[in-house]
Amino acid sequence: MQVLKAENILKTYSKEFTAASLNVINGLNMSISEGEFTAIMGSSGSGKTTLLNIFSGLDKPTLGNIEINGINLSNLNIDEKAIFRRENLGIISQSLSLLNDLSLYENIVLPLIMLGRPRKKVKEKAEELIKLLNIHDVMDEYPMSVSQGQRQRAACCRALITNPKIILADEPTGNLDSKSAKKFMNYLRLINDEKKVTLLLATHDSKIASYCTRVIFLKDGVIFADIYKNVEERKFLNKILDCLAIMGGDD
Ligand SMILES: Nc1ncnc2c1ncn2[C@@H]1O[C@H](COP(=O)(O)OP(=O)(O)OP(=O)(O)O)[C@@H](O)[C@H]1O
Ligand SMILES: [Mg+2]
């Protein structure tokens, strides 16, 4: 079953002070099946964040259609999109959008509280994730008084707490030390294997991408290459490195 279908996506930004415009995404087509574990790679500025924001309905394409779980995002208004996100998606954004007036614990449990889940269930699930990402010692701190990596781990917990069937993650391991990154990726692999969660994550890190079963390379606003893991992980990593070398750019 197809979980995500993007057709002829165009995203144009007009350049300040000039009449020129920039097609960040330039007629892109993509489909993701249920249970796929996909990385999006591409040099800085290649449109990874733009694309994930379009998929989550946080941004609109200039042209084109996005369907997620059979729902066409362009048919939803802002409020409906917010409900759609809360019910369907786990989002880890690059800007680490934790609420500064809430403690890390309050940030993490907020999505479940909003869904009206019983306190006991909320606490159990939160504790499982907090343990996994090893941030119990800063749970009562506020986002501004902890490190970037601790904020990112809290943002990961918050995205996973509702057991979403689709996770969109923008460089989720970008601020993590290698041990935490490995633990986090192994957890994603587990929920992908066991619960058929569909994962789409942007990363610059080829080692992180090699945990996935598919890697899509973006260049010049379109898909430059789309490869599947049909070999062991170490060989897949070499395939990813080969693609990056052929593609060029700053990766
Ligand atoms: N609001 C905006 N207005 C104008 N241009 C924008 C805007 N947002 C993004 N861009 C441009 O779109 C391009 C793609 O940006 P995007 O953030 O999607 O790249 P990225 O692949 O996520 O990069 P990185 O790896 O650095 O996170 C960049 O050239 C950026 O300057
Ligand atoms: Mg980005």
Notebook entry, point to check: Roughly how far, to the nearest 0.5 Å, is the CG atom of Leu168 from the CD1 atom of Ile32?
Noted result: 9.5 Å

Notebook entry, point to check: Should Ile167 and Ile191 be marked as a side chain to side chain contact (heavy atoms under 4.5 Å, CB included) after you check the CA-CA gap, both sets of side-chain angles, and the distance that decides it?
Noted result: CA-CA 11 Å; Ile167 294 177; Ile191 57 175; 3.9 Å; yes

Check: What about Tyr187 and Ile208, same hydrophobic cluster or not, with Ile/Leu/Val/Met/Phe/Trp/Tyr joined at side-chain heavy-atom distances under 4.5 Å?
Finding: yes

Checklist line | Heavy-atom side-chain proximity of Leu160 to Leu188 below 4.5 angstrom | finding: yes

Margin query: A side-chain contact here means heavy atoms from C-beta on lying under 4.5 Å apart; do Arg153 and Cys156 qualify?
Written below: no

Notebook entry, point to check: So, Arg214 versus Tyr228: side-chain donor-acceptor pair below 3.5 Å or not?
Noted result: yes

Checklist line | Lys81: partners by side chain to side chain contact (heavy atoms under 4.5 Å, CB included), with sequence neighbours left out | finding: Lys60, Leu76, Arg85

Notebook entry, point to check: Is the backbone N or O of Ser33 less than 3.5 Å from a side-chain atom of Glu36, with the two atoms forming a donor-acceptor pair by type?
Noted result: yes

Check: Given Ile40, which of Thr203, Leu201, Ile223, Leu51 fulfils the side chain to side chain contact (heavy atoms under 4.5 Å, CB included) condition?
Finding: Leu51

Margin query: side chain to side chain contact (heavy atoms under 4.5 Å, CB included), that's the test. Do Ile166 and Leu200 meet it? Break it down for me.
Written below: CA-CA 8 Å; Ile166 306 172; Leu200 185 57; over 6 Å; no

Margin query: Is it the case that over 12 heavy atoms from other parts of the model lie below 6.0 angstrom from the NZ atom of Lys165?
Written below: yes

Check: Are any side-chain N or O atoms of Thr173 and backbone N or O atoms of Leu176, one a donor and one an acceptor, separated by less than 3.5 Å?
Finding: no

Item checked: Heavy-atom pair of closest approach, residues Leu129 and Cys157 -> CD1-O, 3.5 Å

Item checked: Pairs touching residues 124-135 that satisfy salt bridge (Lys or Arg N to Asp or Glu O under 4.0 Å), sequence neighbours left out -> Lys120-Glu124, Lys123-Glu127, Lys125-Glu128

Notebook entry, point to check: So, for Ala209 and Phe236, which heavy atoms are closest and what is the spacing to 0.1 Å?
Noted result: O-CE2, 4.1 Å

Margin query: Tell me the closest heavy-atom pair linking Val24 and Gly47, and the distance in Å.
Written below: CG1-CA, 3.8 Å

Notebook entry, point to check: For the side chain of Ser56 and the backbone of Leu52, is there at least one donor-acceptor N/O pair under 3.5 Å apart?
Noted result: yes

Checklist line | Non-hydrogen side-chain atoms of Asp79 and Phe84 separated by less than 4.5 Å | finding: no

Check: What heavy-atom pair brings Ile9 and Ala6 nearest, and what distance separates the two atoms?
Finding: CG1-CB, 3.8 Å

Notebook entry, point to check: Given the rule in the side chain to side chain contact (heavy atoms under 4.5 Å, CB included) test, do Arg158 and Leu110 qualify, once you have shown the distances and angles that lead to the verdict?
Noted result: CA-CA 8 Å; Arg158 188 185 56 177; Leu110 187 63; 5.6 Å; no

Note to self: Closer than 3.5 angstrom, by distance alone: can the side chain of Glu233 be matched with the main-chain N or O of Cys212 as a donor-acceptor pair?
What the structure shows: no

Notebook entry, point to check: Are the side chain of Lys48 and the backbone N or O of Ser43 linked by a donor-acceptor pair below 3.5 Å?
Noted result: yes

Next item on the list: Could you tell me the separation between the CD1 atom of Ile135 and the CD atom of Gln152, rounded to the nearest 0.5 Å?
Entry: 11.0 Å

Margin query: Side-chain heavy atoms nearer than 4.5 Å, only ILVMFWY residues, links allowed to pass through others: does that put Ile54 and Leu22 together?
Written below: yes

Note to self: Looking at Asn192 and Gly35, would you say the former's side chain and the latter's main chain have a donor-acceptor pair under 3.5 Å?
What the structure shows: yes

Checklist line | Leu63 side chain reached by Asn8 side chain, heavy atoms, under 4.5 Å | finding: no

Next item on the list: Check the surroundings of atom CG in Asp101: do more than 12 heavy atoms from other residues, nucleotides or ligands lie under 6.0 Å from it?
Entry: no

Note to self: Let me check something: do Leu218 and Val222 share a hydrophobic cluster, defined by ILVMFWY side-chain heavy atoms less than 4.5 Å apart, either directly or through other members?
What the structure shows: no

Margin query: Quick check for you: to the nearest 0.5 Å, what is the distance between Arg234 atom CZ and Lys207 atom NZ?
Written below: 11.0 Å

Margin query: For a 4.5 angstrom cut-off between non-hydrogen side-chain atoms, does Ile130 reach Leu104?
Written below: no

Check: Do the side chains of Asn107 and Pro143 get nearer than 4.5 Å, heavy atoms only?
Finding: yes

Notebook entry, point to check: Going by atom types alone, do Ser74 and Asn72 pair a side-chain donor with an acceptor below 3.5 Å?
Noted result: yes

Next item on the list: Could you tell me whether a side-chain N or O of Lys229 sits under 3.5 Å from a main-chain N or O of Ser210, the two making a donor and an acceptor?
Entry: yes

Check: Looking at side-chain heavy atoms only, is the closest gap between Ile240 and Ser206 below 4.5 Å?
Finding: yes

Next item on the list: Give the minimum heavy-atom separation between Asp170 and Ala202, together with the two atoms involved.
Entry: OD1-CB, 3.4 Å

Next item on the list: Indicate yes or no: at least one non-hydrogen side-chain atom of Phe217 is less than 4.5 angstrom from one of Asp226.
Entry: no

Item checked: Straight-line distance of Arg119 CZ to Leu112 CG, nearest 0.5 Å -> 11.0 Å

Next item on the list: Rounded to the nearest 0.5 Å, what's the gap from CD1 on Ile71 to CD1 on Ile66? Could you check?
Entry: 13.5 Å

Checklist line | For Cys243 against Ile227, the heavy-atom pair lying closest together | finding: SG-CG2, 4.1 Å

Next item on the list: Show your reasoning for whether side chain to side chain contact (heavy atoms under 4.5 Å, CB included) applies to Tyr142 and Asn100.
Entry: CA-CA 6 Å; Tyr142 287 79; Asn100 287 331; over 6 Å; no

Checklist line | Side-chain donor-acceptor contact under 3.5 Å, Ser180 with Asp177 | finding: yes

Notebook entry, point to check: Any side-chain donor-acceptor pair under 3.5 Å between Asn23 and Thr12?
Noted result: yes

Next item on the list: Check the surroundings of atom NZ in Lys183: do more than 12 heavy atoms from other residues, nucleotides or ligands lie under 6.0 Å from it?
Entry: yes

Margin query: For Asp140, I'd like to know if atom CG has over 12 heavy atoms of other residues, nucleotides or ligands within 6.0 Å.
Written below: no

Next item on the list: Please check if Ile113 and Ile161 belong to a single hydrophobic cluster, counting links between Ile, Leu, Val, Met, Phe, Trp and Tyr side chain heavy atoms closer than 4.5 Å.
Entry: yes

Notebook entry, point to check: Is a donor on one side and an acceptor on the other found under 3.5 Å between the side chain of Glu141 and the backbone of Val138?
Noted result: no

Checklist line | N/O donor-acceptor pair under 3.5 Å between Thr38 side chain and Val215 backbone | finding: no

Check: Side chain of Glu7, backbone of Gly64: donor and acceptor closer than 3.5 Å?
Finding: no

Notebook entry, point to check: When you look at CE of Met144, are more than 12 heavy atoms from neighbouring residues, nucleotides or ligands closer to it than 6.0 Å?
Noted result: no

Next item on the list: State the CG-CD distance between Leu4 and Glu34, to the nearest 0.5 angstrom.
Entry: 12.5 Å

Note to self: Which residues pass the salt bridge (Lys or Arg N to Asp or Glu O under 4.0 Å) test with Lys239, not counting sequence neighbours?
What the structure shows: none

Checklist line | Gln148 and Arg151: side chain donor to acceptor below 3.5 Å | finding: yes

Notebook entry, point to check: With the 4.5 Å side-chain cut-off for hydrophobic clustering, are Leu132 and Phe37 part of the same group?
Noted result: yes

